[in-house]
Amino acid sequence: MKVSDILTTSTKAFPSLEIVPPLRGMTKDELLESIAPFMEFKPRYINVTSHRDEFEFRPESDGSFTRHLVRNRISETTVCAAIMSRYDVDVVPHLICGGSTVEETESKLDNLEFLGINNILALRGDCMTGEKRFTPTPGGYSYASELVEGIRKYQGSAGYRRKRNGADDRYFCIGVGAYPEKHFEAPNIETDIANLKRKVDAGADYIITQMFFDNQVYYDFVRRCREAGITVPIIPGLKPLSTARQISTLPEAFSLDIPLELTEAIRDAGKEAYRIGTEWCAMQCKDLIANGVPAVHFYTMGKTDNIVSILKECF
Ligand code: FAD
């Protein structure tokens with residue numbers, strides 16, 4: 001089922017999850033067992049992140065260097081197929097601009113459609129390791145708005161429709177990302193929201209936010225988006241802090257604020273940090289539901305127990 005249809009037909013807030021594909025070496029069964037504890041809470045869909053291939057240069061005996069592919073993770077499409085083979089849950093693979101030409105992106109779409117997957121989260125993608133700024137792949141898309149437009153255009157093209165017996169250009173339900181505390185490259189929140197609107201105008205059906213730790217930030221962001229004419233659902237994304245170290249690593253990695261109260265509670269908490277982070281996230285989740293959000297999306301980042309106890313408490 002498309003996420004847009006799930007959102008339209010749901011009568012109460014529901015949970016969804018994001019998982020990161022495993023590193024090479026994990027088996028399919030190990031992966032499926034790792035998400036089993038979540039399934040009791042009937043997440044409506046599971047997002048699977050996408051990661052650009054990384055290369056390294058190795059020195060040769062003649063002094064030259066050769067480029068080698070370091071494919072660290074199993075692909076999002078393979079993980080989605082594995083999840084579908086065992087669980088009755090919709091999957092949402094992430095599709096990123098980085099690393100693919102337009103033709104390669106179209107080939108990925110064909111593969112997803114072949115598997116019967118009709119949901120995508122369309123993103124520009126992170127910078128490569130060592131890069132400060134995103135470098136578009138030659139012949140690929142530079143922004144997520146171009147990717148959304150490209151997906152709609154590909155499916156609307158006469159050639160595609162002939163090939164697919166008239167399949168419609170809305171086959172894929174497309175979600176996009178947003179940043180309540182502003183994307184780190186945007187000069188200001190107004191410009192970032194204007195760029196978010198480009199994605200919706202290009203054909204995105206809904207939005208999932210970056211994690212945040214102060215719900216007021218989300219409520220203000222939603223208000224600003226509505227004032228800017230963005231009408232699609234804006235699903236809040238949450239992640240429980242699990243270590244004291246994350247009060248410095250998460251702001252750096254995701255360009256976000258951690259409220260003073262949470263910072264002070266967790267800073268010297270040692271092993272208690274896990275419990276405090278989980279309770280804070282559960283409190284955020286309950287408040288969001290009480291304020292009428294359509295769904296809550298959880299970034300699992302390889303953790304299970306904390307998310308499971310939040311799901312138990314809130315859904
Ligand atoms: P865009 O919407 O393209 O925006 C990027 C920047 O460019 C913003 O500052 C925006 O304001 C600006 N901008 C947009 N359009 C224009 C324009 N036309 N002209 C000038 N400026 C413009 N990364 C991964 O690599 N893999 C994942 O699986 C992944 N999953 C994610 C899931 C979610 C829910 C979120 C919120 C992020 C995820 N990311 C992932 C991270 C994301 O790829 C990075 O944050 C990336 O830097 C931006 O992606 P975007 O799709 O928001 O980009």
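Counting starts at 1 for both ligands and their atoms, following the listed order.
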For [atom], what's the nearest protein heavy-atom neighbour? Residue, atom name and distance, please.
| atom | answer |
| --- | --- |
| atom 46 (C) of ligand 1 | Gly125 O, 3.4 Å |
| atom 18 (N) of ligand 1 | Arg198 NH1, 3.2 Å |
| atom 51 (O) of ligand 1 | Arg124 N, 2.8 Å |
| atom 20 (C) of ligand 1 | Tyr143 OH, 3.4 Å |

Nearest 0.5 Å please: distance from the [atom1] atom of [X] over to the [atom2] atom of [Y].
| X | Y | atom1 | atom2 | value |
| --- | --- | --- | --- | --- |
| Ile193 | Asn188 | CD1 | CG | 9.5 Å |
| Glu104 | Thr137 | CD | OG1 | 8.0 Å |
| Phe41 | Phe315 | CZ | CZ | 10.5 Å |

Heavy-atom nearest option to [atom], drawn from [options]:
| atom | options | value |
| --- | --- | --- |
| atom 6 (C) of ligand 1 | Lys182, His183, Glu18 | His183 |
| atom 52 (O) of ligand 1 | Phe134, Phe184, Tyr179 | Tyr179 |
| atom 29 (C) of ligand 1 | Val148, Asn188, Leu123 | Leu123 |
| atom 27 (C) of ligand 1 | Cys97, Pro21, Ser50 | Ser50 |
| atom 25 (O) of ligand 1 | Asn195, Ile96, Asp126 | Asp126 |

Check whether any N or O atom of [X], backbone or side chain, sits under 3.5 Å from an N or O atom of ligand 1, and answer yes or no.
| X | value |
| --- | --- |
| Thr191 | no |
| Glu185 | no |
| Asp192 | yes |
| Ser142 | no |
| Ala144 | yes |
| Lys199 | yes |
| Thr209 | no |
| Gln210 | no |

| field | Single hit among Arg52, Glu54, Glu56 for side-chain hydrogen bond (donor to acceptor under 3.5 Å, both in side chains) with Thr129 | value | Glu54
| request: Please work out whether the ring planes of Phe14 and Tyr45 are parallel, tilted or perpendicular, with thresholds of 30° and 60°. | output: perpendicular
| Which of the atoms of ligand 1 are close to Thr49, meaning less than 4.0 Å from one of its heavy atoms? |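 Ligand 1 atoms under the 4.0 Å threshold to Thr49: 28 (O).
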| Are Glu185 and Lys132 close enough for a salt bridge, meaning some N to O gap below 4.0 Å? | no
| query | Can Arg275 and Glu272 be counted as an ion pair, charged N to O under 4.0 angstrom? | reply | yes
| The single option from Asn47, Val92, Leu238 passing side chain to side chain contact (heavy atoms under 4.5 Å, CB included) against His297 |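 With His297 as partner, Asn47, Val92, Leu238 yield a single side chain to side chain contact (heavy atoms under 4.5 Å, CB included), made by Asn47.
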| said: Run the side-chain contact (heavy atoms from CB on, under 4.5 Å) test against Lys197 and tell me which residues pass, sequence neighbours left out. | reply: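 For Lys197 the side-chain contact (heavy atoms from CB on, under 4.5 Å) partners, ignoring immediate neighbours, are Asp201, Ile230.
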| message | With the threshold set strictly below 4.0 angstrom, can you tell me whether any protein non-hydrogen atom sits that near atom 4 (O) of ligand 1? | response | no
| message | Testing the 3.5 Å rule here: is there a donor-acceptor pair between the side chains of Tyr143 and Asn195? | response | no
